Amino acid sequence: MILLFKILNHLKKRITTVFFAIRYLPFVKLSIANNTVEGDVIVKPFFIKGSAKNLQIILKRNVLLKHSSVIQGSGTLVIDDNSYISSYCVIGVNERITIGKNVMIADAVSLRDTSHNFSRTDIPMKNQGFSTAPITIEDDVWIGHGCVVTKGVTIGKGAIIASNAVVTKDVPPLAIMGGIPAKIIKYREPGLSA
């Protein structure tokens, strides 16, 4: 009975991956055999007036996108080998978000390379446009549940971001960060200090 359940579960994941690849064919580049996309992963391309950019999602090898996440925007999202994005995440990419190898992104994480402009008070914020800056998440990073990573941030190799942190500045390699805004708690390697 357990073997049958495993076989059916594997078959379901293969079917949802194929369906995802077909449904979002103009926006997604992936190997169906080497990646898994669970059900209800939604892609929302933004078509920005006057821009020739289109949303591109590139999944390398052994990438897992868990159910009920949203990828939206007009930029490029690259997810490298053996990385996963868990459930209920929102990725807003209007420039570029690069996720390295062996990265773990927990549930309900928000990655956004864009923010609305708001410097003027004489016109509504929604009419002031937006600004972008790429996000880079290097290899072997763990981002905990409910984190927010804002535009222009690089998270260094081997770093850990504690649950519910808001990352607004670059994170050094091997740092453990937490809080709002996120600050260094300690380093994973003995001898390094915060």
Side-chain angles (χ1 to χ4, degrees), residues 30 35-37 41 43-44 46 53 55-119 129-194:
L30 78 151
N35 293 292
T36 301
V37 180
V41 174
V43 173
K44 294 182 177 180
F46 292 174
K53 293 189 333 181
L55 180 63
Q56 292 184 309
I57 302 166
I58 301 165
L59 307 181
K60 302 280 179 95
R61 297 176 54 82
N62 300 317
V63 172
L64 170 61
L65 299 180
K66 296 198 79 171
H67 67 87
S68 306
S69 288
V70 176
I71 302 168
Q72 61 187 17
S74 62
T76 300
L77 170 66
V78 179
I79 305 175
D80 213 332
D81 300 348
N82 306 311
S83 292
Y84 74 83
I85 296 175
S86 201
S87 306
Y88 308 106
C89 292
V90 177
I91 300 174
V93 55
N94 287 302
E95 188 169 325
R96 186 177 184 90
I97 297 176
T98 304
I99 298 171
K101 296 178 181 175
N102 303 303
V103 172
M104 301 180 294
I105 298 178
D107 290 348
V109 168
S110 175
L111 307 175
R112 296 180 182 268
D113 73 355
T114 306
S115 64
H116 290 277
N117 298 329
F118 57 87
S119 61
F130 58 87
S131 57
T132 64
I135 293 173
T136 301
I137 300 169
E138 296 180 352
D139 298 344
D140 192 30
V141 167
W142 175 19
I143 300 177
H145 182 276
C147 289
V148 174
V149 179
T150 61
K151 70 177 185 172
V153 167
T154 296
I155 300 177
K157 183 176 181 178
I160 298 172
I161 311 301
S163 294
N164 298 311
V166 177
V167 183
T168 60
K169 295 181 181 174
D170 289 352
V171 176
L174 301 175
I176 300 174
M177 303 273 288
I180 303 173
K183 293 180 174 42
I184 297 172
I185 298 169
K186 65 179 185 175
Y187 285 90
R188 292 177 58 204
E189 189 172 300
L192 294 177
S193 63

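Please read all numbers here as calculations on a predicted model, not as lab measurements. Every heavy atom of this structure was used, including side-chain atoms; hydrogens, water molecules and symmetry mates were not.
- Looking at heavy atoms from C-beta onward, I155 lies out of side-chain contact with V103 at the 4.5 angstrom threshold.
- For the 3.5 Å distance criterion, the side chains of D139 and N102 fail to qualify, holding no donor opposite an acceptor.
- Contact check for R96 versus V78: side-chain heavy atoms found under the 4.5 Å cut-off.
- Rounded to the nearest 0.5 angstrom, I91 CD1 and I105 CD1 are separated by 6.0 Å.
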**Request:** Starting from the C-alpha separation in whole Å, work towards a yes-or-no answer on side-chain contact (heavy atoms from CB on, under 4.5 Å) for V90 and R112.
**Result:** CA-CA 8 Å; V90 177; R112 296 180 182 268; 3.1 Å; yes
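- At a threshold of 4.5 Å between non-hydrogen side-chain atoms, the residues K169 and K183 do not count as touching.
- Counted within 6.0 Å of NZ on K151, heavy atoms from surrounding residues, nucleotides or ligands total more than 12; the atom is thus considered enclosed.
- Under a 3.5 Å cut-off, the side chain of N35 and the backbone N or O of V63 do form a donor-acceptor pair.
- Distance CG/L64 to CG/L59: 10.0 Å, rounded to 0.5 Å.
- When atom types are taken as modelled, the side chain of Q56 and the backbone of T76 share no donor-acceptor pair closer than 3.5 angstrom.
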**Prompt:** Under the side-chain contact (heavy atoms from CB on, under 4.5 Å) criterion, do L65 and I71 qualify, and how do the steps go?
**Reply:** CA-CA 10 Å; L65 299 180; I71 302 168; 4.3 Å; yes
**Item:** Full working for side-chain contact (heavy atoms from CB on, under 4.5 Å) between T114 and E95
**Value:** CA-CA 8 Å; T114 306; E95 188 169 325; over 6 Å; no
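- Residues L77 and L111 fail the side-chain proximity criterion, which asks for heavy atoms closer than 4.5 Å.
- Side-chain N or O atoms of D107 include none that pairs as donor or acceptor with a backbone N or O of H145 at under 3.5 Å.
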**Request:** Step by step, work out the side-chain contact (heavy atoms from CB on, under 4.5 Å) result for V41 and I85.
**Result:** CA-CA 11 Å; V41 174; I85 296 175; over 6 Å; no
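- Atoms CE and CG, on M177 and D170 in that order, are 9.0 Å from each other to the nearest 0.5 Å.
- Just one of T168, I135, V167 meets the side chain to side chain contact (heavy atoms under 4.5 Å, CB included) condition when paired with T150; it is T168.
- Side chain of N62 to backbone of D81: no donor-acceptor contact under 3.5 angstrom is found.
- In this structure, S86 contributes its side chain and A106 its backbone to no donor-acceptor pair below 3.5 Å.
- Contact check for V109 versus I161: no side-chain heavy atoms found under the 4.5 Å cut-off.
- Using modelled atom types and a 3.5 Å distance limit, the side chains of T132 and D113 yield no donor-acceptor pair.
- Within 6.0 Å of atom NE2 in H67, more than 12 heavy atoms from other residues, nucleotides or ligands are found, so the atom counts as buried in its surroundings.
- Here CG of N82 is found 12.0 Å from NZ of K60. Values are rounded to the nearest 0.5 Å.
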